[in-house]
Amino acid sequence: MRLKLGRPDLDRYAARFDVPPAAGSFAAVFLGVSTLLLDDGESAILTDGFFSRPALLKVAFARIAPDQERITGALARAGLYDRRLDAVVPVHTHFDHVLDSAVVAERTNATLVGGESAANVGRGHGLPPDRTRVVAPGEQVTSGAFTVGFVASEHCPPDRFPGVITEPVVPPVRASAYRCGEAWSLLVRHDSGRTALVQGSAGFVPGALEGQRADVAYLGVGQLGVRDEGYLTSYWAQTVRTVGARRVVLTHWDDFFRPLDRPPRALPYAGDDLDTTMRVLGRLADRDGVALHLPTIWRREDPWSGLS
């Protein structure tokens, strides 16, 4: 098989960056990778909160730590620097999800919510016990107007750093210190009736979402494009079709070694293939009558608009 060089051209998918804009106080804001801000103007939750985005060479050969300047800039641009968040919820604990979670929770007076691995990231940062909540599979947590249900999931294979984090992580550390930990399918419900599945990684547990419903699915697609087509079809069936989502917004397609203040680009073919993902998922979406989108970083969007 011939190795593909370079990276997918996002311009090919310009028409997909069309999530309906937010018209009122409620907004969903995509902030790269699997970081998603859900905000109704009074209460807000944030998945991951990963803003440091260290360069590839640093991740591969050095130790990494939260970049305080980049975190400050991102929180300010997102309107969160001097604002309280109700919760920061890592979808799992690889560095490209959890590296900054404890810092963001501290800066925004939020509670860090997740499994024991996420709690050990919080402990390593020095978050007090009352600012960390450990959840079990099947548990639901209410934060402001949001209720988040935690369903045990899996990371998309291959998982380069499998296992759980068993002791506090005190940066700077190697990227391998951030093991996957507990991976979640998050089922989010807002008091307004909006429902969403947030699938941070392109992995799944067969049957885990049976009986669950969500109008919108934020679907992580990192590494999905290098899997065989049968896996992509199963992933769609176990997430989107199972919960009955009518609109899908794809996440975790952007090059997370690139700072957020630069225009986004897709991950290179050496690690993923967004072209394959878009081709296969586009066909499945057409078959099922599901709207398929890519989100625009920093833009206030409302994927529930027009669904009722």
Check: Around atom CZ of R287, are there more than 12 heavy atoms of other residues, nucleotides or ligands at under 6.0 Å?
Finding: yes
Parallel, tilted or perpendicular, as decided by the 30° and 60° cut-offs, for the rings of F26 and F146:
tilted
Note, T251 side chain near L36 side chain (heavy atom, < 4.5 Å): no
Does the plane of the ring in Y231 sit parallel, tilted or perpendicular to the ring in F204? Use 30° and 60° as the thresholds. tilted
Nearest heavy-atom approach of T242 to L209 is CG2-O, 3.3 Å
> Salt bridge or not for R77 and D261, using N-O below 4.0 Å?
Replying inline: no
Hits for side chain to side chain donor-acceptor pair (under 3.5 Å) against R279, two or more places apart or cross-chain, chain-then-number order -> none
Q. Looking just at side-chain N and O atoms, do R107 and T72 make a donor-acceptor pair shorter than 3.5 Å?
A. yes
Just by distance, no angles: are the side chains of S176 and R174 close enough, under 3.5 Å, to form a donor-acceptor pair?
no
Problem - Test item: side-chain donor near acceptor, D273 and T276, under 3.5 Å - result: yes
By ring-ring contact (aromatic ring centres under 6.0 Å, His included), F150 pairs with (sequence neighbours left out) W184
- Message: Students often mix this up, so state it plainly: with edges at 30° and 60°, are the rings of W253 and F30 parallel, tilted or perpendicular?
- Response: tilted
V98 and T93 have their tightest heavy-atom pair at CG1-O, 3.4 Å
So W304 and Y218, would you call those rings parallel, tilted or perpendicular, with 30° and 60° as cut-offs? tilted
Closest non-hydrogen contact found for V91 with S34 is CG2-CB, 4.3 Å
Residue pairs meeting side-chain hydrogen bond (donor to acceptor under 3.5 Å, both in side chains), one or both in residues 47-59, sequence neighbours left out, come to D48-H97, S52-D100, R53-D254
